[in-house]
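Read through the structure below, which is laid out as structure tokens, and then see the notes.
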Number of protein chains: 2
Amino acid sequence: MSSAPSIYDVSRLSGVSTATVSRTFSCPSRVKEATRRKVYEAAEALNYSPNAIARSMAIQRTDKIAYLICKQGATILDEFYAGICDGILHTVNRTDYQLLVSTEEDWKLSGATAQSKSIEGVILGGKAEMSLISEFRAQGIPVVLVNYFVPGLELPSVVADEAGGVRQAMEHLISRGHKRIAMLAGRLNPYVLSERYNAFVAIMKERELPLKPNDVKMCDPDVKSAEAAARELLSLAPRPTAVLCANDVIAAGVCKAAHRLGLRLPEDLAVVGYDDASFCTMLDPELTSVHIDCRRMGELCVERMTELLGEKPDVSEFTVVPTELIVRRSS
Amino acid sequence: MSSAPSIYDVSRLSGVSTATVSRTFSCPSRVKEATRRKVYEAAEALNYSPNAIARSMAIQRTDKIAYLICKQGATILDEFYAGICDGILHTVNRTDYQLLVSTEEDWKLSGATAQSKSIEGVILGGKAEMSLISEFRAQGIPVVLVNYFVPGLELPSVVADEAGGVRQAMEHLISRGHKRIAMLAGRLNPYVLSERYNAFVAIMKERELPLKPNDVKMCDPDVKSAEAAARELLSLAPRPTAVLCANDVIAAGVCKAAHRLGLRLPEDLAVVGYDDASFCTMLDPELTSVHIDCRRMGELCVERMTELLGEKPDVSEFTVVPTELIVRRSS
DNA sequence: ATAATAAATGTAAGCGGTTACATTTTGACG
DNA sequence: CGTCAAAATGTAACCGCTTACATTTATTAT
């Protein structure tokens, strides 16, 4: 198979210069209707399609951005960051942008740099290391954070309305008559954790509900740790009648612990998760959870990035995506 | 910020020709030790790193491959295909290859072609449409299938040992004394479904266990459908004592149905899932499932692809990844 | 009709590497 | 030393596209 046809072949066949062919494809309005048609015909006949590499070379831009998942041990398998990735991919796939996906860990291990990967902007998902952020900034590479925020850094961040989500969950529980509400917090990334935790405490205070130090427990975000922590939480006297969990995995742990202790959901204990992971509907009873539109977050990341990459002088620092409480059987 | 230093800058600073600089980076053994050192020094001083775009342009290769998820409505959020993606990414990120991720749907909608995206090879995950496969082949683009196989097409396929997995599950159930074993099959992709189904039937026959037509039911692969189908399965008389499910989501549906019917797991009913999704440990009781090493499958896809892209004349058609039964409380 | 202006097209020089081929340097050997 | 092959390096064309600038063609005003 001979090599692909170039702009030169089209030029010859259509009888116009290469410049005109180029214009026909990159800026059709600048060539006369009749000429344009001739070019299209020739291109069609030759099955020509512009060579993106050569184009990048000529215009000195790659339109390539990266999405790095910055979470200890997490990969694209992490449902939350995969959701964001989905949004990014979906948006990027319908533009001329290209996306490089990796993890912070792989990125550093492979010694990659924005330059070596021809990257023009980077979206960092989760708690990125400061050194990484600084490196990109030093190289003049625009950075967008998602699901994370660093005060004072003036970096655009796309985040979910954490406080709002907690409020929705709490109001739901309170409206169901719960007064002794505990929280099982996990070691999420510092920004997200503090938002959720602070909102919880603030609302308890605001509603003048009793909150003792032991009513909030911390655990690792895996089922085992959550289950163990939940056991302690549920052996408090008087026992909490509802538990707000920092995420769904933790909530699953609470459900298991409750089951072991012979507590019925939601009669004896109401459980609310956070993130609305896909497995919420697989649990029995199905888990009430705060839904986060990850895909939307991903889309917004790309929007912010294109703004940064475009002429827009400065981009708003915060982009907040609303949450929605999905009420199911567990509460 | 001025533009990045080019090979020309390094050439001047180090006092050698651009050709030598180029060789120093792409084939160090071809330049004398002393010269090499000079070049490295100059490069270091200028903070030079080769421009990948220009290189691609010159050598007429992009080293870029694509991974298309070919499953109705599925995205990178589908845990199984995300697992494969993880393996691919991991492998690709530590080579000079680049990866483009998309779905079959997005790919077609955006009118992308291998040429327009500068793709040199494509990995198709799941049941790809024949038209898509043909298109790539017509363009001389190497194709690797994963989790799918088309007889007679002579395309390298990376698949899990489905029959083996079913056997592991069945032997486990049989060793636990089960004789009335039902199967709840879902509309998976045709290759995978038939492998799992045929293996199930074969083993039942082989062990001379009773199998009536109604003992195998088909359902859509979502919890709701599975739960409904499971209800029917569990109302058969005599009732099956074990159910082999085509995947974990279906298994979750079975667990819910059993629970509603007041059946205890595993005493009254044993349930075995397939794929070993992350939520298996979140269910209560935890779900026994056939583990598939998706990441390994992804790695193997890249290996096959590099072989195809390299000189290797013909690549083995089948690459089979072993499965492992993870026994948990549900059986 | 003619000049002035706008629109369309053409010419050719890059973009930053690679590499065939030419030239110079090196080193082994008679 | 001189010869000659091998090794190292240099020269310059090329990869396929864009675009500044030059030139031609069309349009409008006078």
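Proteins come first, then strands; the chains are lettered A, B, ... in the order of their sequence lines, and each starts at number 1.
- Summarising the geometry, the separation between CZ on A:Arg61 and P on C:dG14 is reported as 21 Å, rounded to the nearest angstrom.
- One can place CG of B:Asp9 at 13 Å from C1' of C:dG17, the figure rounded to the nearest angstrom.
- Positionally, the nearest nucleotide of DNA chain C for A:Thr20 lies more toward the 5' end than for the other of A:Thr20 and B:Ile53.
- Within the 4.0 Å cut-off from OP1 or OP2 of C:dG10, at least one side-chain nitrogen or oxygen of A:Ser17 is found.
- OP1 or OP2 of C:dG16 lies within a sub-4.0 Å distance of a side-chain N or O belonging to A:Gln60.
- Each end of the helix from C:dA1-D:dT30 to C:dG30-D:dC1 gets its own axis from five base pairs, and the two axes differ in direction by 30°, given to 10 degrees.
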Working note: B:Glu41 + B:Lys38, criterion salt bridge (Lys or Arg N to Asp or Glu O under 4.0 Å); need CA distance, chi angles, decisive distance, verdict. CA-CA 5 Å; B:Glu41 254 168 44; B:Lys38 274 196 297 187; over 6 Å; no

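- Note: A:Tyr81 and A:Tyr67 fail the aromatic proximity criterion, with ring centroids not under 6.0 Å apart.
- Counting non-hydrogen atoms under 4.0 angstrom, B:Ser22 reaches a base of the nucleic acid.
- Between B:Glu33 and B:Arg37, at least one side-chain nitrogen of the basic residue sits less than 4.0 Å from a carboxylate oxygen of the acidic one, meeting the salt-bridge criterion.
- Classified by interplanar angle (parallel below 30°, tilted 30° to 60°, perpendicular above 60°), the ring pair A:Phe25/A:Tyr48 is tilted.
- A donor-acceptor contact shorter than 3.5 Å is absent between the side chain of A:Ser11 and the backbone of A:Ile7.
- With DNA chain D read from its 5' end, the first of the two nearest nucleotides for B:Ile59 and B:Arg36 is the one closest to B:Arg36.
- Side-chain nitrogen and oxygen atoms of B:Tyr8 include none within less than 4.0 Å of the OP1 or OP2 phosphate oxygen of D:dT11.
- B:Arg23 contributes no side-chain N or O that forms a donor-acceptor pair with the base of C:dG17 under 3.5 Å.
- Distance from the side chain of B:Pro50 is smallest for C:dG17 among the nucleotides C:dG17, C:dT9, D:dG10.
- Comparing C:dT11, C:dG16, D:dT11 by their nearest atom to the side chain of A:Ala19 picks out C:dT11.
- Heavy-atom nearest nucleotides on DNA chain D were determined for A:Phe25 and for A:Lys32, and the one closer to the 5' end corresponds to A:Phe25.
- Atom-to-atom, CZ of A:Arg37 to P of C:dA8 comes out at 15 Å; the value is rounded to the nearest Å.
- A distance of 11.0 Å separates CD of A:Glu105 from OG of A:Ser110, quoted to the nearest 0.5 Å.
- Note: CD1 (A:Ile7) to P (C:dT11) measures 14 Å, nearest angstrom.
- Among the heavy atoms of the strands lying under 4.0 Å from B:Val16 are primed sugar atoms or P, OP1, OP2 only; no base atom is included.
- Between A:Tyr191 and A:Tyr148, the ring planes lie perpendicular to each other; the angle is over 60°, past the 30° to 60° tilted range.
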